[in-house]
Amino acid sequence: MSALLEASNLGLLTRMTFDSFVPGGHGLNPQIQENLRRAFEKARAYSEEPQGWLIFKGSYGCGKTHLAAAIANEQVSRGKPALFVIVPDLLDYLRAAFAPGSPATFDQRFEALRTSPLLILDDLGAQSSTPWAQEKLYQILNYRYNAQLPTVITTNCDLDSFDPRLRSRLAELDWSSMVQILAPDFRGSAVVEQSELSSLGLHKEQTFEAFDLRETDAGLDAAQRTNLKRALATARAYAEDPVGWMVLTGGYGCGKTHLAAAIANYRVDSGNPAIFVVVPDLLDHLRATFAPGSTVGFDRRFDEIRRAPMLIVDDLGSQSATPWAQEKLFQLFDHRYNALLPTVVTMTRDVDLDPRLKTRIMDTSRCRVLEITAPSYRGEAQPLMREKLRTAPGLPRGRRGLGVAR
């Protein structure tokens, strides 16, 4: 047993067992909990009789390494060999064989990797993508593919980012099983709202209780007041059980951002994760990853957004309509649409959307569009305030008459 454990290369990962894994996660919504539980069951079933390839795909800290290590630990506990290797370390391990005084030759190390009865490759895609590295990984995996040797792989990369030869092996449906984990980072706060992406902290006062139904506002007719009450009730019901998408539309200042923020605040206050982000800010966060000195890569940032258990996207359509921006937004929404991830969108009623995006937002089987017909809270319904601003002493002449509506 001790010899098997030493040969497994698990080291400190011996603590990562199925018993120490939390299948329900921490503070996750029911859909994400179910996804994580299915991944757990898949890993446990594979550990009992490893056959084929099992690929765990998900964002950083979602639990995929824990499940892969648990499979190795389970095999070792049964007296069966398993080798756990982090991919960048694997390549360093092979390169070290060329050093003078190496205790093993390159061929010996390479043979041990490709013929291991069970090989676990952690963090595939994190390695330096040199031609030599790509070639060695392909040789290892191609050998194991042809020899039908059980292999477990974890990655946070899309298959499209891999060498086409390797991608074809990973995507072999008859031999490989892909398990996508949607959970957020276990190592961070269970409240995704604390991510630097989210601006929900600026909207803490925008709750359901603080939403003004404008019952004494003479500028609203009976139908508009009824519409506001229905919007509030619908948004509250969605916050309590967020299934599918909700789109809040209407004129500027009508209250749609308040209701979207209220949904996010309700989820966070209930111990559930949520990210609230304005679309132009979202795109700026993505562009910032390309800056020299950025500590976060584009793939990690993008995954954080598109896999968020709850995403509130404010002011869709206000962004610069560059081809790059349109493509990123489509990829983001397309992933969330296919993964059935709860998403709230606010936009003006006359926004011009990418046709591909519009078809997803207007799919009534997955998305509810709620139009707020009331005029702006900050517009003509407050003529007294506008007059006070216009005549206020000391106000620069060029600013008078601007009013309070945006």
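The first residue of the sequence shown is numbered 1, and numbering continues consecutively from there.
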With a 4.5 Å cut-off on side-chain heavy atoms, are [Y] and [X] touching?
X    : Y    : answer
L220 : L228 : yes
R307 : Q180 : yes
L149 : L118 : no
P273 : M310 : no
V345 : M246 : no
F106 : R95  : no
L90  : I86  : no
L119 : I140 : yes

Taking the six-membered ring of F330 (Phe, Tyr or Trp), confirm whether the NZ or CZ of R356 is under 6.0 Å from its centre and within 45° of its axis.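 Here R356 passes the 6.0 Å and 45° test against F330.
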Quick one: does NZ or CZ of R169 land under 6.0 Å from the six-membered ring centre of Y145, within 45 degrees of the ring axis?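 Here R169 passes the 6.0 Å and 45° test against Y145.
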Main-chain N/O of [Y] paired with [X] side-chain donor or acceptor, under 3.5 Å:
X    : Y    : value
K64  : G58  : yes
S168 : R165 : yes
T154 : F56  : no
S198 : F276 : yes
Y337 : D363 : no
N73  : M16  : yes
S20  : T17  : yes
R167 : F162 : yes
T322 : A325 : yes
T249 : E371 : no

Does E205 have more than 12 heavy atoms from other residues, nucleotides or ligands lying within 6.0 Å of its CD?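 Result for CD/E205: open.
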Counting only heavy atoms not in R368, do more than 12 fall under 6.0 Å of its CZ?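 Open: at most 12 neighbouring heavy atoms sit under 6.0 Å from CZ of R368.
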Drop me the distance from [X]'s [atom1] to [Y]'s [atom2], to the nearest 0.5 angstrom.
X    : Y    : atom1 : atom2 : value
L232 : F208 : CG    : CZ    : 7.0 Å
S176 : I55  : OG    : CD1   : 4.5 Å
N142 : E135 : CG    : CD    : 9.5 Å
I275 : R306 : CD1   : CZ    : 13.5 Å
L200 : I312 : CG    : CD1   : 7.5 Å
I71  : S47  : CD1   : OG    : 6.5 Å

Residues E34 and R37 bridged, charged N to O under 4.0 Å: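 Yes, E34 and R37 are salt-bridged.
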So, D284 and R287, do they make that salt bridge, N to O below 4.0 Å?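 So D284 pairs with R287 through a salt bridge.
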Sequence-distant partners of S177, side chain to side chain donor-acceptor pair (under 3.5 Å), two or more places apart: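 K42.
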Could you list the residues that satisfy side chain to side chain donor-acceptor pair (under 3.5 Å) with H203, not counting sequence neighbours?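 Applying side chain to side chain donor-acceptor pair (under 3.5 Å) to H203 gives Q206.
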Using 30° and 60° as the class boundaries, would you call the ring planes of F21 and H66 parallel, tilted or perpendicular?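 F21 and H66: perpendicular rings.
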Set out, in order, the CA-CA distance, both residues' side-chain angles and the distance that settles side-chain hydrogen bond (donor to acceptor under 3.5 Å, both in side chains) for R336 and T343, then state yes or no. CA-CA 8 Å; R336 298 188 66 82; T343 306; 2.8 Å; yes
Minimum heavy-atom distance [X]-[Y], with the two atoms named:
X    : Y    : result
W132 : L91  : CZ3-CD2, 4.0 Å
W53  : I153 : CE3-CD1, 4.4 Å
L166 : Y138 : N-CD1, 4.2 Å

Hydrogens and angles aside, do [X] and [Y] bring a side-chain donor and acceptor to less than 3.5 Å of each other?
X    : Y    : answer
T151 : R144 : yes
D107 : T105 : no
D314 : T257 : yes

With sequence neighbours left out, write down each residue that passes side-chain contact (heavy atoms from CB on, under 4.5 Å) with S102, or none if nothing qualifies.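 Per chain and number, S102 pairs via side-chain contact (heavy atoms from CB on, under 4.5 Å) with A97, R109.
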Run the side-chain contact (heavy atoms from CB on, under 4.5 Å) test against T359 and tell me which residues pass, sequence neighbours left out.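 For T359, no residue satisfies side-chain contact (heavy atoms from CB on, under 4.5 Å) once neighbours in sequence are set aside.
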Inter- and intrachain pairs under ring pair (Phe, Tyr, Trp, His ring centres under 6.0 Å), touching residues 295-315, at least two apart: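 Sorted result for residues 295-315: F290-F298, F298-F302.
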Test side chain to side chain contact (heavy atoms under 4.5 Å, CB included) applied to L137 and V87, step by step: CA-CA 9 Å; L137 282 172; V87 173; 4.0 Å; yes
Set of residues satisfying salt bridge (Lys or Arg N to Asp or Glu O under 4.0 Å) with respect to R236, sequence neighbours excluded: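 Listed in chain order: E209.
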